[in-house]
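Heads up, the thing below is written out as structure tokens.
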Amino acid sequence: MGTVIVVTSGKGGTGKTSLTGGVASCLAALGRQVLCIDMDIGLRNLDISLGMTDRALMDFTDVLEGRCSLERAAVEHPVIRNLYLLTAPVSPPPHPLGESSMLDLLRQARERFDYVLIDSPAGLGSGFRLASCGADRAVVVSTNDSSALRDAQRTVTELGRSIDTIHLVMNRIQPKLMRRLRATIDDAMDAAGLPLLGVVPEDAQVILAANTSQPLILTSRKGAALAYLNIAKRLLGERVPLMKIH
């Protein structure tokens with residue numbers, strides 16, 4: 001049975017979607033069968049990070065409401081083997097989506113895939129609750145600013161009611177700024193109250209790759225791309241030292 005991981009953040013702008021696509025690509029490149037589910041209804045961008053813009057015709061609500069099977073809706077990546085995308089609709093459905101249908105979708109996904117990574121909408125609304133309702137693990141993504149860390153704490157409180165294994169990823173880290181703020185990764189871990197899964201540096205290649213519809217791991221082997229690979233290996237149980245960000 002596969003593992004379902006919800007990737008979330010307390011606020012927007014933390015780089016959650018880029019991280020989801022990057023780690024999923026690395027897990028697939030390491031030989032695992034991986035499904036990405038974009039659950040940010042109306043604001044979907046995971047297809048851009050994966051280089052799969054306009055490839056998906058059906059979305060996860062089509063599966064939830066029985067209009068389409070998971071096998072038909074999940075689209076395979078054109079270059080990276082073992083990587084699939086189930087996208088979000090471009091507009092909200094006319095009625096609330098049920099958690100029982102989501103749990104059934106995830107049951108099917110666990111039977112087919114080794115890892116299911118869910119890109120949750122930011123915040124703590126109904127979309128967040130739907131995205132996290134059936135997850136086995138959670139990854140909370142935060143930057144080093146105080147507002148993001150405060151929102152991460154609130155997210156952890158909500159997740160902790162149903163998920164036992166929760167980790168923190170510090171994203172878009174700028175060493176010079178951290179030194180000026182006298183901030184450390186340990187401070188961030190203490191603030192969020194979570195064990196650290198990875199540290200990802202600020203990297204212009206993330207934006208460049210997205211703007212050219214290329215997965216980052218196909219264009220770079222350092223910076224954020226290396227950090228994503230390290231996080232993927234840790235999810236697989238490997239002991240990998242944290243990147244030194246200079």
Side-chain angles (χ1 to χ4, degrees), residues 2 4-25 27-28 33-78 80 83-110 112-113 115-141 155 158-159 171 206 209-211 213 215-216:
V4 177
I5 303 172
V6 61
V7 183
T8 187
S9 61
K11 61 176 292 187
T14 62
K16 167 182 58 63
T17 297
S18 297
L19 181 102
T20 303
V23 173
S25 298
L27 285 169
Q33 293 284 326
V34 182
L35 173 65
C36 291
I37 306 179
D38 189 339
M39 295 196 64
D40 202 349
I41 296 175
L43 296 171
R44 67 184 194 190
N45 285 308
L46 186 55
D47 58 330
I48 296 176
S49 291
L50 292 173
M52 298 179 68
T53 304
D54 299 329
R55 293 188 67 88
L57 299 178
M58 313 299 283
D59 60 64
F60 79 84
T61 64
D62 291 313
V63 181
L64 292 189
E65 297 180 349
R67 293 187 294 271
C68 178
S69 66
L70 174 61
E71 288 73 19
R72 183 181 171 198
V75 179
E76 188 172 10
H77 195 279
I80 303 173
L83 180 61
Y84 294 77
L85 170 66
L86 180 58
T87 194
V90 295
S91 59
H95 49 78
L97 298 170
E99 290 189 5
S100 61
S101 298
M102 187 66 197
L103 293 174
D104 184 60
L105 185 158
L106 294 178
R107 178 189 57 77
Q108 297 176 56
R110 284 188 179 92
R112 168 70 176 79
F113 298 94
Y115 286 92
V116 179
L117 270 63
I118 299 175
D119 184 16
S120 167
L124 301 176
S126 58
F128 163 82
R129 291 191 293 273
L130 185 67
S132 60
C133 69
D136 303 306
R137 303 175 63 171
V139 174
V140 177
V141 184
T155 304
E158 291 295 321
L159 290 169
N171 198 25
V206 174
N211 286 343
S213 297
L216 183 63

Task: Trace of the side-chain contact (heavy atoms from CB on, under 4.5 Å) decision for Ile5 with Val23 - done: CA-CA 11 Å; Ile5 303 172; Val23 173; over 6 Å; no

Sub-4.5 Å side-chain heavy-atom contact between [X] and [Y]:
X	Y	result
Arg112	Leu70	no
Phe60	Ile118	no
Val141	Thr8	no
Leu85	Arg55	no

For Tyr84, the ring-ring contact (aromatic ring centres under 6.0 Å, His included) test, sequence neighbours excluded, returns Phe113

Could you measure the distance from the [atom1] atom of [X] to the [atom2] atom of [Y]? Nearest 0.5 Å is fine.
X	Y	atom1	atom2	answer
Leu159	Phe128	CG	CZ	4.0 Å
Ile37	Leu106	CD1	CG	5.5 Å
Ser9	Asn171	OG	CG	9.5 Å
Leu124	Arg129	CG	CZ	8.5 Å
Asp47	Asn45	CG	CG	7.0 Å

Name the atoms and distances for all side-chain donor-acceptor pairs under 3.5 Å in residues 61-69, with sequence neighbours left out.
{"from": "Thr61", "atom 1": "OG1", "to": "Asp59", "atom 2": "OD1", "distance (Å)": "2.3"}
{"from": "Asp62", "atom 1": "OD1", "to": "Arg67", "atom 2": "NE", "distance (Å)": "2.8"}
{"from": "Asp62", "atom 1": "OD1", "to": "Arg67", "atom 2": "NH2", "distance (Å)": "3.0"}
{"from": "Asp62", "atom 1": "OD2", "to": "Asp59", "atom 2": "N", "distance (Å)": "2.9"}
{"from": "Glu65", "atom 1": "OE1", "to": "Arg67", "atom 2": "NH1", "distance (Å)": "2.4"}
{"from": "Glu65", "atom 1": "OE1", "to": "Arg67", "atom 2": "NH2", "distance (Å)": "3.2"}
{"from": "Ser69", "atom 1": "OG", "to": "Arg72", "atom 2": "N", "distance (Å)": "3.2"}

By side chain to side chain donor-acceptor pair (under 3.5 Å), Arg137 pairs with (sequence neighbours left out) none

Return a table of donor-acceptor pairs under 3.5 angstrom between the side chains of residues 87-103 and protein atoms on other chains or two or more places apart.
none

Minimal heavy-atom distance between Thr155 and Gly10, with the atoms involved, is OG1-CA, 3.2 Å

For Val6 and Ala135 the tightest heavy-atom approach is CG1-CB, 3.7 Å

Applying side-chain contact (heavy atoms from CB on, under 4.5 Å) to Asp119 and not counting sequence neighbours gives Lys16, Thr17, Thr20, Asp38, Leu46

Applying side-chain contact (heavy atoms from CB on, under 4.5 Å) to Pro215 and not counting sequence neighbours gives Ser25, His77, Ile80, Leu218

